[in-house]
Structures are given as C-alpha cells and as structure tokens.
Amino acid sequence: MTNLTKKMISLTGVTACMLPGVAQAQQKPNIICILVDDLGYGDLSCQGYAQDVRTPHIDKLLNEGVRFTNFYANSNVSSPSRAALLTGRYPDCVGVPGVIRTHPEDSWGYLSEQAVLLPTVLKNNGYTTAIVGKWHLGLQSPNTPTERGFDYFHGFLGDMMDDYYTHLRWGNNYMRKNEAIIQPEGHATEVFTDWAIEYIREQQQKQDPYFLYLAYNAPHTPLQPPTEWLEKVQSRGKGIHERRAKLVALIEHMDSEIGRLYEMLEKTNQLENTVIIFASDNGGDTHANNGPVRGQKGEMFEGGIRVAAGVYWKGNFKPAVTDNFAMLSDIFPTVCELTGSAYSHEIDGISILPTLQGKSQITDDRTVFWVRREGGYRFGGKANYAARYKSTKILQNTPFDPLLYFNLEHDPNESYSLPLESTDTFKKSVP
C-alpha cells in the first residue's frame, strides 16, 4: 500500500451507517444501473457538444431525469471504476487499482475477498440481484458475479471483446450464464439487451424488487457497429472520418437498444417503480468527443474521468440539470438510502439522494482521489494519481510526469498549471 493510499484512507474517514431511506414508507423500487464503456463526455446529443451523434433514448432518460454535468468515474480505466461503483470504495482500497486482464503479467488488480458489494447489501433487504453484460472484476473463482453477491449472471467475464459477434478475448470464451459457458449468437449490444429484457420479464411475475446491473461493452473498441447503423451515420455525415463514423454508429446502436429496454418497461407498467441510473466507466478514447475538457480515457485530465451521467425515476425525480459533484462510488450509498438497505461497514462514497430529490446539498466539500496502476513502458508497474477538493485539483498524468495543479473554476480545460508553490492552497483544503 502506498503512502498516498494510506493518506486516502485516513482522510476519507469512517462512513459506517444504517440508512433509513425512502423505501420504508412505500414499495421498494426496482433499480436498473446501466454502465456503458468508454463513452465520451460529449457523445450524447443532450450534452450539446457532438453535432454528429443522435441519442434520443438516453437523452430522454437524462432530460426527464436528473442530469449531472459534474459527474466522475473513480478511475480513467474500466476495472477500478466498476469496483468503485459496486463497493462504494476507492478502487485500490478493495484491491483493484488497475485493469484486470487475461494474462497475469499484465493484470493489475484482484477484488478483495473482504469487499462488500452492493448486491449483497440489497439481498439482505429482500432484493433479487442480477448482472447482465460485462463483469471485468475477475475471470475465475472466487471472483465471479454469483460468488460476489449476484443471484444471476448472464454476460461476459473479461475485459473487452476482440469481436462483437464472436465475443472472444485472446481466443477465450468468457461468456457465461451463471457458471455455465455459453456461445450466444449476435451483436453483443443486442444480446445483452435481450438478456436484460428476459430477466425483467421474469422478475415481473414475482413480488420481490430487483437490482439489475446492465453493463454494456459498447462503445469500447473494436469499433464494430452493425452495418446498417454505420451506413446510416455515413449517409448523413459526408466526409466524417471512418473511425469516428463507426464510433457514432456504435453509440447510436446502443442508444436504440436502451430505448428498447425502456419501451418494455413502459409497456409492462414498470416505469413508475423503476429507478434507472446511467453512467460511463471512464471518458472516451480516440475519436470520442469528450466535450470541452482536456484529455481522454487513461489520463487523469478531465477527459479521462469526467463522464455523462443521470438518474431517472418517472413521477418521483423531477427533471433537473445539476452541477453538483458526484462519483460512481456515490451510487452505492445512494441506492442503499433510496431502498432502505442497511450497511455497517466503511465506504468512501456519499449518498446524493437529496440532490436527486431536488433538495439543497453540498457534495464537493470532501477530498477525493483517483489512482491507476499499470505496466508497460509508460507506467512500469507504478501508479498515477489525481486528487481534488472543490475546484482545486492536483494530478500526475503518468508516474514519470511532473505534478500539475489546477483551479477548475477558473481553468476548466486544465490549460495551464499553477505554480507548485501555490499548492499550499490545496494542502490547506485537505481536512
């Protein structure tokens, strides 16, 4: 454990609590948490930055729900962010500072057996729990979804697919239904949506509320949208770069599939009792539109960690756009408070339920941290970091880069680093 990690633990304090929530006085809502992969901050049309992408179904969720303009992943890469979402902890505090991969020499995380995951807490409150789609927190026992709190798993264990149709990674088949190896046919985005709809239909016949974690592989590389979707994008955008066109088509195809899920909920009268959470695991990669901010996936600049996000609950959360600061690790305590689910262990996130309910809430009066450990010539097994308090942010973009210091209120694009002598301001802001 690094000194910064130890400092992180000491600074974040104790967050053990038992949350009464809103669900004690009414029927417990179903929770669907949709996590997409490598979506650029600006690559939804509702964000107002990318003019070449059309995402009406996700736009509907974010425009008719609470849309966050200041929401962050807990890492600039996938596995750590997923660990943070499901545990409410900083990812390196639960053993996942980097990406979990097939080859041990290039795998930089192991989900701690002591970590308590959100599905376990919800199960103790009468929820059935499922994950459909990408897991990315372990390839074998004991770190498989059904061994870490989920009742049901229909998806992909691995880090990424080398092909959206064969679903293989390094020649390995990581597709599973619970513990069984399966070989589904079709584009992964459509397959995952089919499975999610199938699960929800089955749960509709039961009385228990459910938690569904729907983790798409899209729009992660390879940029492999269905042909008809690529042709649609290219036909309206003459001169668009081929790789950009493929990315836009992959996003729009995913948006359509989310629309299909929404339509099913609407037709089965489940919208009023279903909370839908939407976010990305990190910023966009090459050819993504990360909006006005600097950097991309894998970097500690805003483009690597700031993501599009929102929460929709028809008839319960009024449409709003908020600039309140929030992170993936806040989803854990928020869902617990919302559902009246009790936990008594330490977490690092905070509940943002007051924000969702339209109440005044201060969410940035805390020091937060990002970390990523990696191999290769750019990292050499070391880690890079960022830390932030309110609008003050300090970062080291790679382990061998100098420290940079920014005031995001005055310089949201991180265009110029302040003199390091002024880091006293940052030191004074740390409780």
Side-chain angles (χ1 to χ4, degrees), residues 11-35 46 61-74 81 84-90 118 121-122 125 127 209 211 213 271-280 305-369 388-392 408-409 429 431:
L11 287 173
T12 52
V14 176
T15 325
C17 58
M18 295 185 68
L19 301 169
V22 298
Q24 292 180 345
Q26 62 187 48
Q27 183 182 2
K28 297 171 186 174
N30 303 315
I31 309 291
I32 299 177
C33 181
I34 301 174
L35 188 71
C46 65
L61 294 177
L62 271 57
N63 286 334
E64 296 182 11
V66 180
R67 179 163 65 90
F68 286 81
T69 61
N70 203 17
F71 195 96
Y72 289 76
N74 281 77
S81 285
L85 186 158
L86 289 174
T87 67
R89 301 298 315 273
Y90 289 117
L118 181 58
V121 176
L122 293 175
N125 192 28
Y127 276 76
F211 168 67
Y213 173 40
L271 278 178
E272 288 78 3
N273 197 44
T274 302
V275 180
I276 303 175
I277 302 166
F278 177 90
S280 178
I305 55 178
R306 188 175 171 187
V307 298
V311 182
Y312 171 91
W313 190 9
K314 184 176 181 180
N316 290 275
F317 295 155
K318 294 180 180 179
V321 178
T322 177
D323 63 355
N324 271 11
F325 178 88
M327 304 182 78
L328 286 176
S329 53
D330 295 336
I331 290 175
F332 184 112
T334 302
V335 169
C336 287
E337 183 171 11
L338 182 63
T339 60
S341 302
Y343 63 91
S344 58
H345 63 283
E346 180 181 2
I347 64 167
D348 301 302
I350 65 169
S351 172
I352 53 172
L353 183 58
T355 296
L356 299 177
Q357 295 173 327
K359 301 176 183 178
S360 177
Q361 183 182 17
I362 296 173
T363 59
D364 65 347
D365 191 17
R366 49 177 168 158
T367 305
V368 295
F369 302 90
R388 174 174 170 170
Y389 177 78
K390 292 186 177 293
S391 63
T392 304
L408 296 177
E409 181 180 0
S429 70

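This structure is a prediction, so every number in the text was calculated from the model and none was measured.
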Results of side-chain contact (heavy atoms from CB on, under 4.5 Å) for [X] - residues two or more places apart only:
X      : result
Ser329 : Asn74, Ala84, Met327
Ala308 : Leu44, Gln47
Ala279 : Leu35, Phe71, Ala309, Leu328

Interatomic spacing from [atom1] in [X] to [atom2] in [Y] - rounded to 0.5 Å:
X      : Y      : atom1 : atom2 : value
Arg67  : Leu61  : CZ    : CG    : 12.5 Å
Lys359 : Leu353 : NZ    : CG    : 7.0 Å
Asn273 : Ile31  : CG    : CD1   : 9.0 Å
Phe325 : Leu408 : CZ    : CG    : 10.0 Å
Leu271 : Asn316 : CG    : CG    : 11.0 Å
His345 : Thr87  : NE2   : OG1   : 7.5 Å

ask   = When you look at Thr322 and Ile352, which way does the side-chain contact (heavy atoms from CB on, under 4.5 Å) test go after all the steps?
value = CA-CA 11 Å; Thr322 177; Ile352 53 172; over 6 Å; no
Positive for side chain to side chain contact (heavy atoms under 4.5 Å, CB included) with Asn324, one of Leu356, Thr355, Val66, Thr69 =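 So the option named by the test is Thr355.
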Which heavy atom of [X] sits nearest to which heavy atom of [Y], and what is that distance?
X      : Y      : value
Ala73  : Ser280 : CB-O, 4.2 Å
Ala342 : Val121 : O-CG1, 3.4 Å
Asp330 : Gly349 : OD1-CA, 3.3 Å
Trp313 : Glu272 : NE1-O, 2.9 Å
Gln361 : Ser351 : NE2-O, 2.8 Å
Ser341 : Asn125 : OG-ND2, 2.9 Å

Compare all side-chain heavy atoms of [X] with those of [Y] and state whether any distance is below 4.5 angstrom.
X      : Y      : value
Val307 : Phe68  : no
Thr339 : Lys28  : no
Asp348 : Phe369 : no
Cys33  : Leu85  : yes
Val368 : Tyr90  : yes
Thr334 : Val311 : no

Any residue meeting side-chain hydrogen bond (donor to acceptor under 3.5 Å, both in side chains) with [X], in chain and number order, not counting sequence neighbours:
X      : result
Glu64  : Lys60
Lys390 : Asp364
Asp365 : Tyr389

Q. Got a donor-acceptor contact below 3.5 angstrom from the Asn70 side chain to the Asp323 backbone?
A.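 At least one qualifying donor-acceptor pair exists.
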Candidate pair Leu86 and Tyr213, rule side-chain contact (heavy atoms from CB on, under 4.5 Å), full reasoning:
CA-CA 9 Å; Leu86 289 174; Tyr213 173 40; 3.9 Å; yes
